[in-house]
Amino acid sequence: MLYWYFFLSVLGGVLLQNFLLRGMFQTIKLDLTEMDNWWFYFSSNSLTCLFIMAGIFIYAIPTIFLLIFNGIIIGITVVATVDQGASIEQIILALLPHGILEVPAIIIAGMVGLKGLTFYHKEKDRLYYIKIIKSAAFVFFLLFLASFIEAYISVPI
């Protein structure tokens, strides 16, 4: 169910860009030569997911905000890129290779962060904590793979 909120926020970003922010991001140009190594993508996405997962300790407060914010940014970026002349096929080819790993990583990070709503309420067994640690490790593994794909496949496209 969490993924629906994320995808609805992407749709919200698309609608926001289409109806309120049209033309505002047309002059933004990215210098992709500075972003041609995997570490740039891994570190920035890992930091985002760390903040999303930090919700486990502070009652999911940053988790919900950051999931919605990331979805809105993705929606705005897609529409702004179309406004600059990119075709839907180009956008899909640029996002799909790394996004197929990165989006699930963000959603799994959100699932970890949302455990903050119940983290302090009842006694937990050792298996509960192991599951959280494995989920967090899986998030970073997915981000690691996605960073290589983004740096060496998605950006050149």
Atom pair [atom1] ([X]) and [atom2] ([Y]), whose distance is rounded to the nearest 0.5 Å:
X	Y	atom1	atom2	value
L117	I61	CG	CD1	9.5 Å
H98	L145	NE2	CG	13.0 Å
L8	I68	CG	CD1	9.5 Å
S43	L143	OG	CG	10.5 Å
I106	L142	CD1	CG	10.5 Å
I52	I108	CD1	CD1	11.5 Å

Just by modelled atom types, is the [Y] backbone N or O under 3.5 Å from a matching donor or acceptor in the [X] side chain?
X	Y	value
S154	A94	yes
N70	I73	no
S87	Q90	yes

Do [X] and [Y] make a side-chain contact, defined as non-hydrogen atoms from C-beta onward lying under 4.5 Å apart?
X	Y	result
F140	S46	yes
L67	Y5	no
V103	F7	yes

**Request:** Count the heavy atoms of every other residue, nucleotide or ligand shown that sit under 6.0 Å from CZ of F141, and state whether that count exceeds 12.
**Result:**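 Not more than 12 within 6.0 Å, no.
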**Request:** Check step by step if side-chain contact (heavy atoms from CB on, under 4.5 Å) holds for L95 and V78.
**Result:** CA-CA 9 Å; L95 291 179; V78 168; 3.9 Å; yes
For residues [X] and [Y]: do they belong to one hydrophobic cluster (side chain heavy atoms under 4.5 Å, members Ile, Leu, Val, Met, Phe, Trp, Tyr)?
X	Y	answer
I56	I133	no
Y152	W39	yes
I74	L47	yes

What are the two closest non-hydrogen atoms of [X] and [Y], and how far apart are they?
X	Y	answer
A105	V139	O-CG2, 3.6 Å
V112	S135	CG2-CB, 3.6 Å
A54	P62	C-CG, 4.4 Å
I92	P97	O-CD, 4.0 Å
L114	A60	CD2-CB, 3.8 Å
A109	M53	O-CG, 3.5 Å

**Message:** The test is side-chain contact (heavy atoms from CB on, under 4.5 Å); show your working for F119 and I132 and say whether it passes.
**Reply:** CA-CA 11 Å; F119 189 71; I132 290 173; 4.3 Å; yes
**Message:** Between F69 and I72, is the side-chain contact (heavy atoms from CB on, under 4.5 Å) condition met? List the steps.
**Reply:** CA-CA 5 Å; F69 180 75; I72 289 172; 5.7 Å; no
**Item:** Aromatic ring pairing F144/W38, orientation class (parallel under 30°, perpendicular over 60°, tilted between)
**Value:**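 Perpendicular, since the angle between the ring planes exceeds 60°.
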**Request:** Take N45 and E150 through the test side-chain contact (heavy atoms from CB on, under 4.5 Å) and record every step on the way to the result.
**Result:** CA-CA 11 Å; N45 290 329; E150 189 168 5; 3.9 Å; yes
